[in-house]
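Here is the structure we will look at, set down as structure tokens.
Residue numbers start from 1 in every chain, and the chains themselves are labelled A, B, ... in the order their sequence lines are given, proteins ahead of strands. None of these values were measured; they are calculated from a predicted model.
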There are 2 protein chains.
Amino acid sequence: MTPSRSDLPRPRRRRRAANRRAPAVTIHDVAARAGVSVATVSRVLNRKEIVREETTNQVLAAAKSLRYIPNVAARALSIRRSQTVGIVLPDVHGEFFSEVIRGIDVAARKDRYHILVSGSHSDVVEMGEVLEAMHGRVDGLVVMAPDVAIDSLREQLPRDLPMVLLNSSDERHPAITIDNYGGARAMMRHLAGLGHKRIAFITGPASNADSRDRLRGYRQSMRGATRLEIAGDFTEHAGHEAVKQILAADPRPTAIFAANDSMAVGALSALHEAGIDVPRQMSVVGFDDIPIARYVNPPLTTIRVEIAELGRRAFAVLVETLAHPKSRVRRETIETTLIVRKSSGRQGETS
Amino acid sequence: MTPSRSDLPRPRRRRRAANRRAPAVTIHDVAARAGVSVATVSRVLNRKEIVREETTNQVLAAAKSLRYIPNVAARALSIRRSQTVGIVLPDVHGEFFSEVIRGIDVAARKDRYHILVSGSHSDVVEMGEVLEAMHGRVDGLVVMAPDVAIDSLREQLPRDLPMVLLNSSDERHPAITIDNYGGARAMMRHLAGLGHKRIAFITGPASNADSRDRLRGYRQSMRGATRLEIAGDFTEHAGHEAVKQILAADPRPTAIFAANDSMAVGALSALHEAGIDVPRQMSVVGFDDIPIARYVNPPLTTIRVEIAELGRRAFAVLVETLAHPKSRVRRETIETTLIVRKSSGRQGETS
DNA sequence: GCGCAAAATGTAAACGGTTACATGTAACGG
DNA sequence: CCGTTACATGTAACCGTTTACATTTTGCGC
């Protein structure tokens, strides 16, 4: 029964042998320097309970002189929350991507939250890994995923990790969606009002819910008319390529509706190369109103989506869910606005 | 001396009273279910030491049935590394921003690292907060900051947290920089070769090192000639506005060199509105070769910078520093390439 | 100076993992 | 049948915080 180690509690040994990096200064160092206990240091730093002013000053001075920076991971572990939300995005192209993040980031900062971003995930496996890598570091998630993935994602998720979806359709989670269908219908009315009948549509990826709803709006408006749908993937390149097929069509359409602005920009460029005047010979319209849209030539008629607002609302709903876990599942819709610029014109003002 | 608590080690009480969220499943739950100790579970999950196959299977089954997900924050605390690097960016505009992140992200994923991003930081105080929020969560940092901030940033940093700078000039840290000066000189030679003498320059923010070096290249090439410098801030809007001043200048310049592509795009748009033909009446060139550059009208002559490569190299250097902390401070330069498209033309081909 | 409540501070368990070291067990040679 | 060894597994300290509870100090009335 002789214990091989000392019976007396040994003083906390600062480092184990195999550590690599230089020791960072911890709350214990500050406590030692200030001549108080770690509890007191913690109290001072978190301004939670009453500490004598003199003690407070000593602690603060010690912390400052040692350049103490609390280890947020340790704190998160202890209090079981991190004041951080995770953002998981698929491989989203360019500006949309950064606008969403910006929206969340700005909102988060106001509430003293931090964000942890992971983007460019092409498949479900990768997304799963990312989610795993976030467990313990985030209090909740904002997820944008091709909706085929949502279900399998759920399974890899720690239970009870609140999550808000962007532009996906799942019954069990709060979600913020764009009024894609309504926006597409509005754009189609605009084109119809200009006299266009033969309207081509460049689609986004089929796995994307936004993409599908925009397509649905196009189809609904084209009931009875002959549709021309070219498959795209939301990149400028796809828009550029699609134009070749559209120009070859007989009868040739008089307007092109791209499922997002990036593709519309690509289309404009291809039309210019082909010597086709926009909007006199061909109208081109997009969707999203990304920042560049007003600066292309001619400026792009599009459907404005407040992308940053999308992020902001997602964050708001997430925080709400964090505060009241039992509240019912909320789903919000972001309305859209038709922005008429120079890339769309009356049909028949051809040469 | 009578201890008020029991002398016997009590079994670990699972939760303290005040917890809010539902309990997540931990390694202890898995151990209990598999009928082994936590050490064994840990060994199985990390494939580190030899565990009997039968035991392994039991553990794996238990983990699966409980949907166990390890808490990465706890692990990070324990092993003192997180397999995560932090990315800190100022308020960078649009595509540049996302390209850098993508570059780092792709490289990081290959090495099984994760990234933690924080963007849109306007001032030093905010950046300090962000850095603090990363302490304990990251093994190293990639930082892009207005260089006035670097010094004060250093002070807020935990000692010994490796950091790689993007496009900043600081002696004490590894840095990846773009050959801005060389690129600007190359572009100026291109314009001179087309016969341009009166060349206007739209600058970026003065606090930005890239911006300053590009300006320096312009000035060096313009020795002796009359310069026209308009202050900008890297946004399309700034480029758009700058054109007003440039058109009012007498004698009017024959070419505009914008310090980045976004401003060049804004300038193109303004020139189009003003009815000035590019490149016949005015050449316009940019810097960066962002994705949109080839799709504007006319396609933009610019200096290609492999932005994603910038991120990739930054990550590589960071990992290198992590592995060999004492190795000398490395600084690398990303070379640039002149990309000639349609927005620049021979001077004198005016109406 | 004493008793007592209130205020300030300290002690140590817990958060969820990893791992050094201790312990138990099976195989094997003698 | 025992000692040795190698292998498998368990125990508990530790990572850096927070915080319930215990303990000490202070202030105050008498």
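Every residue meeting the salt bridge (charged side-chain N to carboxylate O under 4.0 Å, His left out) condition with R312(A), not counting sequence neighbours, appears here in chain and number order: E309(A). With sequence neighbours left out, the salt bridge (charged side-chain N to carboxylate O under 4.0 Å, His left out) criterion links R172(B) to D151(B), D170(B). Residues that satisfy the salt bridge (charged side-chain N to carboxylate O under 4.0 Å, His left out) test with R112(A), not counting sequence neighbours, are E129(B). In terms of the salt bridge (charged side-chain N to carboxylate O under 4.0 Å, His left out) criterion, E320(B) has no residue partners (sequence neighbours excluded). Taking Y68(A) as the reference, nothing meets the ring pair (Phe, Tyr, Trp, His ring centres under 6.0 Å) condition, with sequence neighbours excluded.
Contact annotation: R80(B) side-chain N/O to dC15(D) OP1/OP2 distance is not under 4.0 Å. The shortest distance between the side-chain N/O atoms of T26(A) and the OP1/OP2 oxygens of dG16(D) is not below 4.0 Å.
Considering only side-chain atoms of N46(A), the nucleotide from dG17(C), dT18(D), dT19(C) that sits closest is dT18(D).
In this structure, E54(B) atom CD and dT9(D) atom C1' are separated by 13 Å, rounded to whole Å. Rounded to an integer number of Å, the gap from CD1 of I27(A) to C1' of dA12(C) is 14 Å. Between the CG atom of L45(B) and the C1' atom of dT18(C) there is a distance of 12 Å, given to the nearest Å. In this entry the distance linking CE of M134(A) with P of dG16(C) reads 20 Å, nearest Å. Atom NE2 of H28(A) and atom C1' of dT18(D) are 11 Å apart (whole Å). If you measure from atom CD1 of I79(B) to atom P of dG16(D), you get 13 Å, rounded to the nearest angstrom. Atom-to-atom, CZ of R47(A) to C1' of dT18(D) comes out at 16 Å; the value is rounded to the nearest Å. Atom-to-atom, CG of L77(A) to C1' of dA13(C) comes out at 13 Å; the value is rounded to the nearest Å.
Between the base of dT17(D) and the side chain of S78(A) there is a donor-acceptor pair shorter than 3.5 Å.
Checking side-chain atoms of T40(A) against main-chain N and O of V38(A) turns up no donor-acceptor pair under 3.5 Å.
Aromatic pair F97(A)/F97(B): centroids not less than 6.0 angstrom apart.
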Hey, what are the protein-to-nucleotides 6-10 of chain C N/O distances that come in under 3.5 Å?
residue: dT9(C); atom: OP1; partner: R52(A); partner atom: NE; Å: 3.4
residue: dT9(C); atom: OP1; partner: R52(A); partner atom: NH2; Å: 3.3
residue: dT9(C); atom: OP1; partner: T55(A); partner atom: OG1; Å: 2.3
residue: dT9(C); atom: OP2; partner: R52(A); partner atom: N; Å: 2.9
residue: dG10(C); atom: OP2; partner: S37(A); partner atom: N; Å: 2.7
residue: dG10(C); atom: OP2; partner: S37(A); partner atom: OG; Å: 3.0
residue: dG10(C); atom: OP2; partner: T40(A); partner atom: OG1; Å: 2.7
residue: dG10(C); atom: N7; partner: R43(A); partner atom: NH2; Å: 2.7
residue: dG10(C); atom: O6; partner: R43(A); partner atom: NH1; Å: 3.2
residue: dG10(C); atom: O6; partner: R43(A); partner atom: NH2; Å: 3.4

